[in-house]
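Note that ligands are numbered from 1 as they come in the structure, with each ligand's atoms numbered from 1 the same way. Position 1 is the first residue of the sequence, and the numbers go up from there.
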Amino acid sequence: MTVQLWRHCRVATLQPSHPAPYGLIEDAALVLEGGRIVWVGPRSELPADLAARCTCEHDAGGALVTPGLIDCHTHLVYGGDRAHEFELRLQGASYEDVARAGGGISSTVKATRAATEPELYALGLKRLRALIAEGVTTLEIKSGYGLALEHERKALRVARALGRSQPVEVRTTFLGAHAIPPEFAGRPDAYVDEVVRMLPLLHAEGLVDAVDAFCERIAFSTAQTERVFQAAHALGLPVKLHAEQLSDSGGAELAARYGALSCDHLEWLSEAGAAAMAQAGSVGVLLPGAFYFLRETKLPPVALLRQHGVAMAISTDCNPGSSPCTSLLLMLNMACTLFRLTPEEALTGVTRHAAKALGLSDRGVLAPGLRADFVLWDVAHPAQLAYALGANPRLRTVFNGELV
Ligand code: DI6
Ligand code: FE
């Protein structure tokens, strides 16, 4: 088996046990074997017997190396677009006004249902390629624009197919409880019955890694959300939640009771919610793209999350209605400028903490035994990744030990 040596680089390991900010190692070396990291550290400390076993050597040209980026919250597979709704909002309508008038998520549901599997694949591929071009090596894709068995299945199959065809690992999340489809208008509980019926069928087809819901006054109540969580628990599937985005519904506390991997958005999170998340070890996923695009003014309580020791992740929320965004690097900047995260918190939020939000313990930091997913960047310091707007300094990506 090839044993690769990567040298002439600075490595931001993001390992919490490394004392330097970003876990930064100057003049570092990395050794890979079979898609895993075997060794990482200062080149001067590379053991001679390990150096002798290396069969192939790469000069990283002085690049900065970080873990592959992880986008832990996307709705990347959908049909149509919502540019018209954007125009309406510019004329004064709010996101909730548009949703209540039958636009919003419902219009994307219509377009997604009308699209064939190959059409959805082609649309998703364009968005995915943009993320991969910025160093994403793992991402989550949610369903939730089908809202009927055949269409939820179609979207999840497309997500799986994208993961098989591209140098990226896709984790799928069933978000059947995203909105109430037109055929269930006025009968939300009957639709929750349908979500609970769909879940085991899709899971049996190997299409579901986690389960999510949109807990909000324009979507599902906590009681309805809990029924979805119970169905997930019965199958041994982890849960996550769109919680406290537009109001405080107490969703985070509910999700924490179900040991949620993450609670996402969180602008209206209460202190009790933050405490419950800390207790449960749920990650707080912040979505600055949605905050920006909807021109929200209520900031997520970052100080509260820090104070309670809740791990914060950052994601694109790539979706047509509230965050039509395919740049995770831009989200790093926005997390700092809008939410006042430090660049180190932001980078941790798209690596180590994003991995945690997906329940993945084999990635997100560069350490022996973990996956060899990493990115070489043309920057002198990791803070530059969050500093620049619209730049893409990616040089190369190594995915599963192979140069992309
Ligand atoms: N919250 C969001 O921001 C997205 N979904 C959700 O539950 C928006 C989805 C959309 O508007 O299409
Ligand atoms: Fe979302």
Side-chain angles (χ1 to χ4, degrees), residues 71-86 88-89 93-113 123-124 127 139-147 151 155 159 171-181 195 210-221 224-225 228 239-247 249 251-252 255 260-269 283-296 298 300 313-326 328 331 334 354 357-358:
D71 197 351
C72 65
H73 178 142
T74 87
H75 311 245
L76 177 124
V77 174
Y78 60 82
D81 75 277
R82 305 249 287 279
H84 179 58
E85 181 180 313
F86 180 54
L88 292 177
R89 286 200 296 110
S94 75
Y95 180 75
E96 290 181 66
D97 293 339
V98 173
R100 289 208 176 87
I105 295 177
S106 312
S107 72
T108 301
V109 170
K110 213 182 215 172
T112 303
R113 287 180 173 183
L123 292 167
R127 300 172 195 131
L139 87 159
E140 185 238 22
I141 300 178
K142 301 174 193 295
S143 67
Y145 290 120
L147 308 184
H151 299 295
R171 305 291 293 177
T172 56
T173 297
F174 174 60
L175 177 55
H178 191 197
I180 294 146
V195 169
V211 176
D212 192 354
F214 187 18
C215 184
E216 191 57 64
R217 57 192 176 202
I218 56 166
F220 297 91
S221 68
Q224 290 159 347
T225 300
V228 176
V239 302
K240 35 183 59 232
L241 188 65
H242 281 71
E244 315 352 338
Q245 178 184 8
L246 307 169
S247 61
S249 325
L261 289 174
S262 69
C263 298
D264 305 38
H265 287 286
L266 301 178
E267 281 80 348
W268 293 80
L269 181 71
V283 175
V285 179
L286 305 182
L287 303 164
F291 177 89
Y292 162 82
F293 196 69
L294 298 182
R295 300 185 78 223
E296 297 291 349
K298 176 111 171 117
I314 306 296
S315 177
T316 59
D317 196 12
C318 174
N319 79 68
S322 69
S323 190
C325 170
T326 49
L328 193 53
M331 295 304 101
M334 286 193 182
L358 295 178

Atom name in His242, limited to N/O/S, at shortest distance from the Fe ion (ligand 2): NE2

Evaluate the ring planes of His73 and His242, with Trp represented by its six-membered ring, and classify them as parallel (under 30°), tilted (30 to 60°) or perpendicular (over 60°). perpendicular

Plane angle bin for Tyr145 and His178 - parallel if under 30°, tilted between 30 and 60°, otherwise perpendicular: perpendicular

Identify the closest protein heavy atom to [atom]: which residue and atom is it, and at what distance?
atom: atom 5 (N) of ligand 1; value: His178 NE2, 2.8 Å
atom: atom 3 (O) of ligand 1; value: Ser322 OG, 2.6 Å
atom: atom 1 (N) of ligand 1; value: Gln245 OE1, 3.0 Å

Do the side chain of [X] and the main chain of [Y] share a donor and acceptor less than 3.5 angstrom apart?
X: Arg89; Y: Val98; value: no
X: Asp71; Y: Thr316; value: yes
X: Glu244; Y: Ser249; value: yes
X: Glu140; Y: Arg171; value: no
X: Glu216; Y: Leu246; value: yes

Any atoms of ligand 1 less than 4.0 Å from a non-hydrogen atom of Ile105? List them with their elements. 9 (C), 10 (C), 11 (O), 12 (O)

Atom indices of ligand 1 within 4.0 angstrom of His265 heavy atoms, with elements: 1 (N), 2 (C), 3 (O)

At the Fe ion (ligand 2), what's the angle from Asp317 OD1 to His75 NE2, rounded to 10 degrees? 90°

Contact with ligand 1 for Tyr95, non-hydrogen, under 4.0 angstrom: yes

Run the contact test for Thr108 against ligand 1 with a 4.0 Å cut-off on heavy atoms, strictly below, and give the result. no

Heavy-atom contacts under 4.0 Å between Tyr145 and ligand 1: side chain, backbone, both, or neither? side chain

What do we get for Arg82 next to ligand 1 when only non-hydrogen atoms under 4.0 Å count, side chain, backbone, both or neither? side chain

Contact flag His73/the Fe ion (ligand 2), N/O/S atoms, threshold under 2.8 Å: yes

Is any side-chain heavy atom of Asp81 less than 4.5 Å from a side-chain heavy atom of Pro320? no

